[in-house]
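These notes are about the structure you will find just below.
In what follows, chains are A, B, ... by sequence order, proteins preceding strands, each numbered from 1. Because the structure is a prediction, the values reported are computed rather than measured.
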There are 2 protein chains.
Amino acid sequence: MSHPALAVTVDLVVLTVRADTLSVLLVERGEEPFLGRWALPGGFVRPDEDLPAAAERELAEETGLPRGLVHLEQLASYGAPGRDPRQRVVTVCYLALAPDLPVPRAGTDAADARWFPVAEAQGLAFDHDHLLADGVERARSKLEYSPLATAFCPPEFTVAELRKVYEAVWGTGLDPRNFHRKVTGAAGFLDPTGATTTRDGGRPAALFRRGPATTLHPPLLR
Amino acid sequence: MSHPALAVTVDLVVLTVRADTLSVLLVERGEEPFLGRWALPGGFVRPDEDLPAAAERELAEETGLPRGLVHLEQLASYGAPGRDPRQRVVTVCYLALAPDLPVPRAGTDAADARWFPVAEAQGLAFDHDHLLADGVERARSKLEYSPLATAFCPPEFTVAELRKVYEAVWGTGLDPRNFHRKVTGAAGFLDPTGATTTRDGGRPAALFRRGPATTLHPPLLR
DNA sequence: ACAAAAGTGTTAGGAATACACCCATGG
DNA sequence: CCATGGGTGTATTCCTAACACTTTTGT
């Protein structure tokens with residue numbers, strides 16, 4: 001059977017929390033179209049490559065972020081004719097959540113790569129404003145009923161650090177005492193390591209790793 | 001820039017509730033590969049067609065279901081090499097929810113089209129078992145926090161009919177009295193029409209239309 | 001009158017909030 | 001000893017599940 005052939009790309013909404021602010025990784029385009037404009041990292045899917053593999057490859061190539069520390073999930077696909085001025089392109093967008101890692105290097109096709117507070121990330125190339133908004137909304141809602149907030153934290157973290165993630169992503173303040181009770185009470189959310197830290201001053205805080213749970217019972221509500 | 005060209009399709013997980021059973025619309029393939037096997041309806045995206053438009057077109061062509069009554073949302077994309085034995089195909093899968101409409105006609109590429117209880121829909125062509133499972137899981141979870149269950153109902157419906165939708169999709173029993181209070185209490189979920197019906201015997205039940213809400217506060221939990 | 005389904009009232013138990021209070025460290 | 005943040009106890013308030021009860025029809 002005959003069929004039309006289309007170009008397929010993966011794009012990445014890579015989020016982190018830096019300085020108590022939800023931030024997104026953008027690359028400065030080194031090619032036309034949109035040369036010099038900021039955009040989400042991404043690129044073409046190769047002929048024999050599965051979609052998650054393409055997303056992981058682009059994450060490594062364009063951002064230099066280490067694979068193991070980054071949570072990656074599919075967000076949605078976008079294929080409006082005209083979204084790329086060169087040709088018809090369907091993009092499969094992935095959402096990546098990372099801890100606050102050192103500024104990554106620019107990739108092959110990018111002139112520069114930097115973290116931006118999501119509130120300042122506007123006027124992006126293509127329809128990337130739209131993809132970013134969808135990714136932020138997904139992240140916000142998934143914090144409620146999944147243990148995904150731990151993806152923004154280093155492998156070992158304190159309850160207060162986890163709370164700052166929620167406050168940054170949701171843009172709200174949370175009661176530290178009730179938050180502590182909730183997250184330590186949700187089965188499978190946090191695994192105590194037994195160690196403590198005093199990096200924020202005051203009484204030492206217990207350190208946790210992410211637990212085995214995939215959903216939160218009960219959920220944490222905004 | 002050079003790039004690989006891939007075939008892109010849309011596939012549809014079309015669900016309804018028939019005889020208190022969650023059911024899926026399948027088509028019998030009239031072509032190779034998988035000739036004679038049951039599959040999800042779907043087809044190639046045209047060169048100048050947006051993805052939602054392709055989904056709506058395939059829904060009309062392959063199932064004959066009327067557009068206005070069917071809720072349509074994107075589910076996910078699947079592109080593993082080898083998922084179509086002919087060539088590399090990336091599919092964008094849509095979830096469609098419909099009221100219990102008369103058995104639709106077979107489409108152009110299909111030998112037959114029928115509703116199957118989802119529990120009996122196994123051994124489908126391609127990776128469609130997987131897409132179906134993902135669609136069912138999405139429908140189950142969206143009933144909790146969105147007013148989507150109304151998409152399974154005709155334009156005017158009773159609280160008991162809505163409850164049967166929840167019971168069929170979740171596979172659980174619900175207390176009719178508490179359910180009534182919850183759904184009529186959730187702001188924007190149901191709009192009373194003022195009319196009543198006695199189609200199930202007993203005291204006449206009030207008729208409702210779906211309200212303007214997009215999320216349920218508070219959610220209905222499984 | 002009775003059966004059947006719709007819809008309301010009531011109550012007991014459990015979760016969320018607000019906040020008082022205590023704990024463990026550094027300076 | 002005091003400041004700082006970590007963590008626990010507790011009372012009040014709200015929500016929910018369970019279920020007794022009333023309403024309105026058809027036969």
Side-chain angles (χ1 to χ4, degrees), chain A residues 19-20 143-145 149-150 153-154 156-168 170 172-209 211 213 215-222, chain B residues 19-20 143-145 149-150 153-154 156-168 170 172-187 189-209 211 215-222:
Chain A
D20 297 339
L143 289 209
E144 294 192 19
Y145 56 89
T150 57
C153 296
E156 299 199 349
F157 53 89
T158 68
V159 171
E161 287 164 353
L162 184 65
R163 176 169 47 81
K164 298 231 188 235
V165 167
Y166 276 89
E167 291 176 337
W170 286 348
T172 60
L174 296 169
D175 184 303
R177 300 156 300 190
N178 292 333
F179 182 85
H180 185 281
R181 201 188 341 250
K182 271 188 184 172
V183 296
T184 53
F189 192 4
L190 301 182
D191 265 351
T193 66
T196 59
T197 181
T198 57
R199 50 179 168 249
D200 286 332
R203 169 175 167 178
L207 281 167
F208 296 86
R209 289 193 205 88
T215 55
L216 253 35
H217 295 289
L220 273 74
L221 298 177
R222 258 179 271 196
Chain B
D20 297 340
L143 289 209
E144 294 192 21
Y145 56 89
T150 57
C153 297
E156 299 199 347
F157 54 88
T158 68
V159 171
E161 287 164 353
L162 184 66
R163 176 169 47 83
K164 298 230 187 238
V165 167
Y166 276 90
E167 291 177 335
W170 285 349
T172 61
L174 296 169
D175 184 303
R177 300 156 296 191
N178 290 334
F179 182 85
H180 185 281
R181 199 188 343 251
K182 270 188 184 172
V183 295
T184 55
F189 192 4
L190 301 182
D191 265 353
T193 66
T196 58
T197 180
T198 57
R199 50 180 168 246
D200 286 333
R203 170 175 169 177
L207 281 166
F208 297 86
R209 288 193 206 87
T215 55
L216 254 32
H217 296 290
L220 274 73
L221 298 177
R222 257 179 272 194

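You'll find the side chain of A/F157 reaches within 4.5 Å of the side chain of A/L190, heavy atoms only. You'll find the side chain of A/V183 reaches within 4.5 Å of the side chain of A/L220, heavy atoms only. Using a 4.5 Å heavy-atom cutoff, the side chains of B/F208 and B/L162 are not in contact. Between A/E156 and A/E161 the shortest side-chain heavy-atom distance does not fall below 4.5 Å.
Residues satisfying the side chain to side chain donor-acceptor pair (under 3.5 Å) criterion with A/R203, sequence neighbours excluded, are absent altogether. Judged as a side chain to side chain donor-acceptor pair (under 3.5 Å), and not counting sequence neighbours, the contacts of B/T215 are B/H217. Not a single side chain to side chain contact (heavy atoms under 4.5 Å, CB included) links A/A187 to another residue, sequence neighbours left out. Partners of A/Y166 by ring-ring contact (aromatic ring centres under 6.0 Å, His included), not counting sequence neighbours, listed by chain and number: A/W170, A/F179. Shown here are the side chain to side chain donor-acceptor pair (under 3.5 Å) partners of B/D175, two or more places apart in sequence or in another chain: B/R177. With sequence neighbours left out, A/P219 forms a side chain to side chain contact (heavy atoms under 4.5 Å, CB included) with A/Y145, A/L221. Annotation: side chain to side chain contact (heavy atoms under 4.5 Å, CB included) contacts of A/T198 (sequence neighbours excluded): A/P204.
Distances shorter than 4.0 Å separate some side-chain N or O of A/H180 from OP1 or OP2 on D/dT8.
Sequence neighbours left out, not one pair with a member in residues 181-198 of chain A passes salt bridge (Lys or Arg N to Asp or Glu O under 4.0 Å).
Where DNA chain C meets chain A (any atom under 4.0 Å from a heavy atom), the bounding nucleotides read 5' to 3' are C/dA16 to C/dT25.
Distance, A/F208 CZ to D/dG6 C1': 11 Å, rounded to whole Å. We find that CZ of A/R163 is positioned 10 Å from P of D/dG5, with the value rounded to whole Å.
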Look for any protein N or O under 3.5 Å of an N or O in nucleotides 15-18 of chain D and output each such pair with its distance, or none.
unit_1, atom_1, unit_2, atom_2, d
D/dA17, OP2, B/K182, NZ, 3.1
D/dA18, N7, B/N178, OD1, 3.4
D/dA18, N7, B/N178, ND2, 2.8
D/dA18, N6, B/N178, OD1, 3.4
D/dA18, N6, B/R181, NH2, 3.4

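Over its full length, the helix from C/dA1-D/dT27 to C/dG27-D/dC1 turns its helical axis through 10°, comparing axes from the five pairs at each end and rounding to 10°.
Although no hydrogens or angles enter the test, the distance criterion places a donor-acceptor pair under 3.5 Å between the side chain of A/E167 and the main chain of A/L174.
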Annotated protein contacts, base or backbone, on nucleotides 22-27 of chain D with a non-hydrogen cut-off under 4.0 Å, one of B, S, - each: -BBB--
